[in-house]
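Sequence lines set the chain letters: A, B, ... in the order given, protein chains first and strands last, and positions in each chain run from 1. Please read these numbers as outputs of a predicted model, since none were measured by experiment. Any value given below was found using the heavy atoms of this structure, including those in side chains, with hydrogens, waters and symmetry copies removed.
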Number of protein chains: 2
Amino acid sequence: MTRISLQERKQKILQIVIHHFIRTGKPVGSETIIEKNKLGVSPATVRNILAALEKEGYLTHPHTSSGRVPTDKGYRFYVDSLMQLQQLTQEEEQRIEKEYESQRGALDSVMQETSKMLSMLSHYTGFVLTPSPAADRLKRLELVKLDRDRVLAVLVTDAGFIRHKIINVDQDVNSTELLSINRMLNKNVYGISVNDISAEIFKRLQQEKNKQVKYINIMEKLIQQAFALDEEGELYLEGTSNILSQPDFADYEKVRNIFKVIDEKKMLCELLEEKVSHEGIKVIIGEETPCKELQECSIVTSTYRAGDKTLGALGIIGPKRMEYSKMIALVNYFSKLINKTISRTTKELAREPRKK
Amino acid sequence: MTRISLQERKQKILQIVIHHFIRTGKPVGSETIIEKNKLGVSPATVRNILAALEKEGYLTHPHTSSGRVPTDKGYRFYVDSLMQLQQLTQEEEQRIEKEYESQRGALDSVMQETSKMLSMLSHYTGFVLTPSPAADRLKRLELVKLDRDRVLAVLVTDAGFIRHKIINVDQDVNSTELLSINRMLNKNVYGISVNDISAEIFKRLQQEKNKQVKYINIMEKLIQQAFALDEEGELYLEGTSNILSQPDFADYEKVRNIFKVIDEKKMLCELLEEKVSHEGIKVIIGEETPCKELQECSIVTSTYRAGDKTLGALGIIGPKRMEYSKMIALVNYFSKLINKTISRTTKELAREPRKK
DNA sequence: AATTAGCACTCTATTCATTAGAGTGCTAAT
DNA sequence: ATTAGCACTCTAATGAATAGAGTGCTAATT
């Protein structure tokens, strides 16, 4: 992507076209441009410039006799260089903050609430992708006996996520035994990442040979299953119906495809996880997505830190023709907010370290 | 709804019309009826009968010169009296059963899987509504300390549902205290419905005056919050995008409304909970729904027993023009399957009663 | 050399008329 | 009670005509 800096006037006109198109959704003609903006030039000049911009790939024609429409490349340039960043209004910030205060609970419900608010404030589809707990640090592990050969494991991670899982141990364990296993595990579990835990625990157990070897067998089963988290983290998705309200998505076929992708959360998860490799706001425009069905959409997403290093993602999905500056501001704000919330949670959790 | 029994031939024709319309989606004319079925009568006669059926409210006309289309009343009569019940094919049953076997886990994930399969096999939208745990019996309650003033409560109900909740106790409780509270609660908790538990526990505690009174204060906080389950139970919803594939929903406006309702799960929850008062298959056709936006849809739903008495619901949402017999068979089958699964779970859980 | 006026040209979208076809509803005959 | 016959109604599809928006090019202008 060679970035030959366009001359100033060209840029100005490109910016006018895109801005106008974003607002109205109608192709923009040379006359319209003159009308709304006092550039001291004639329509013909503007036409020449538009033709040039088209040759360079920033604009297109739906058909010969209609105005110009931005291409993906055009949007990209707009987002990277032309657009002026916006801030949320105080009103909006207050509204968000207020909603957030009342939401004192488990992290998972905060995430759900966040995706809902993203959707409401953007009028598009909002999402939050929870990081796989596998990469997070373990804070606590609780084992509860359910019946003869099944145990419920409850994991609390450093960042404040809670997951539970039912485990089959094909061997009878009585409650007292379980309790002491539990205690032993908790002593060794704090602060280790869920990924490494299996290996780590066995290492420690071998050093602690004085303990009864009796449990080792059971424990192996338990640990293996408890930490085999195949899940890729949760995806909270809200406001999918907003897609139907977008005039840009009048084409039934396209909408159906978009919904198919969104319906199968899995696909979306993968797409997002791939893109969420490094921090900061990211804008994915149209064909930049690896997912064919979403080529008519843009995604504005940002990451947040959960615990010490794990990254989750959040953002919105809407039509390519969206108010990028506004959306970026919105996503950015929530990203910061969640970071704050999580670091608070983490701190609280850390207040009482692993004495027991 | 006076049910003047229609003469046999009338019924026959009504049945032909509805059946044909369900299959093709096109209004049915008198000629078509004659062609496909050898009734020894002329088109004119059929027309007379159609006109009669229309006057009685079972059919309508989209416009003067088109064939007949069933009204809601027509569908209702069809479902109640004309339709012959169907069975799933062996193939289908096996496919379901197989999927089910591999799914050995927490009940919640079974529910999610079920709604997915309902959607896949029906090609409509599938749902499972989990009963509010409040009405279920408690099997076990686990308290885990998170930080100075917050405790994680994990509830396991009789039927096998698992819920967790974060509780604020504005008082420091050390882990040992918590453990003994936990033990005390568990001794008293088994088999009581979550609804009654608050009252019940206090009654018992008063009898047990010998216990330290010290904890009572904390315990009150804990219990109050732990069992204040405002949730109405989970709604698992899958295959919403299938709605878009229905030719019946070509009207953008209508689809948008349907999606709005479905998006806001809450509304759907209430609707379903209301309708799910007594057991058995229920078919809600078009305007019979209390929800305006769903007037173009039909819902086939059935209940399942969770634990001893609590009812959950499951089913499918599709266009009014659906193969009712097939859908009823499908929903019915899943309903039975879940009943079986739950009663198995319950039994397993009961195998080790409340010794500790 | 850049700008602009002027004009032919292209394509869309809307309107209107026409037509074929499907299906009804009524009347009168069987 | 049934049916043949026929006028009537409405839809859906097709095509022609037209207005309008906007371009692209050429030649004149600055």
Over all atoms of both residues, closest heavy-atom pair of B:K265 and B:L235: NZ-O, 3.2 Å

Closest contact, heavy atoms only, A:G57 versus A:K73: O-CB, 3.6 Å

Let me know the distance between [atom1] of [X] and [atom2] of [N], rounded to the nearest Å.
| X | N | atom1 | atom2 | answer |
| --- | --- | --- | --- | --- |
| B:H63 | C:dG23 | NE2 | P | 9 Å |
| A:L59 | D:dG24 | CG | P | 11 Å |
| B:Q7 | D:dA1 | CD | P | 10 Å |
| B:K55 | C:dT24 | NZ | P | 16 Å |
| B:H61 | C:dA22 | NE2 | P | 16 Å |
| A:K26 | C:dT12 | NZ | P | 16 Å |
| B:I33 | C:dA22 | CD1 | P | 16 Å |
| A:I13 | C:dT3 | CD1 | C1' | 13 Å |

Under a 3.5 Å cut-off for both distances, is [N] Watson-Crick or wobble paired, and to whom?
| N | value |
| --- | --- |
| D:dA28 | C:dT3 |
| D:dA16 | C:dT15 |
| C:dT30 | D:dA1 |

Whether B:S115 side chain and B:V128 backbone form a donor-acceptor pair below 3.5 Å: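 No.
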
Modelled atom types, side-chain donor and acceptor of A:E238 and A:S119, under 3.5 Å: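 No.
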
ring-ring contact (aromatic ring centres under 6.0 Å, His included) partner of B:Y324, chosen from B:Y75, B:F77, B:Y124: B:Y75

CA sep, side-chain torsions, deciding dist, call: A:R68, A:E54, salt bridge (Lys or Arg N to Asp or Glu O under 4.0 Å): CA-CA 8 Å; A:R68 294 317 204 286; A:E54 177 158 4; 2.7 Å; yes

Within residues 42-52 of chain B: residues closer than 4.0 Å to DNA chain D (heavy atoms):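 Here the set is B:S42, B:A44, B:T45, B:R47, B:N48.
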
B:S65 or B:V41, whichever maps to the more 5' nucleotide of DNA chain D: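 Here B:V41 is the residue nearer the 5' end.
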
Closer than 4.0 Å, any side-chain N/O of [X] to the OP1 or OP2 of [N]?
| X | N | result |
| --- | --- | --- |
| B:R68 | C:dG25 | yes |
| A:T64 | C:dC11 | yes |
| A:S30 | D:dT23 | yes |

ring-ring contact (aromatic ring centres under 6.0 Å, His included) contacts in which one or both residues fall within residues 240-270 of chain B, not counting sequence neighbours: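 Output for this query lists A:Y252-B:Y252, A:F259-B:F259.
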
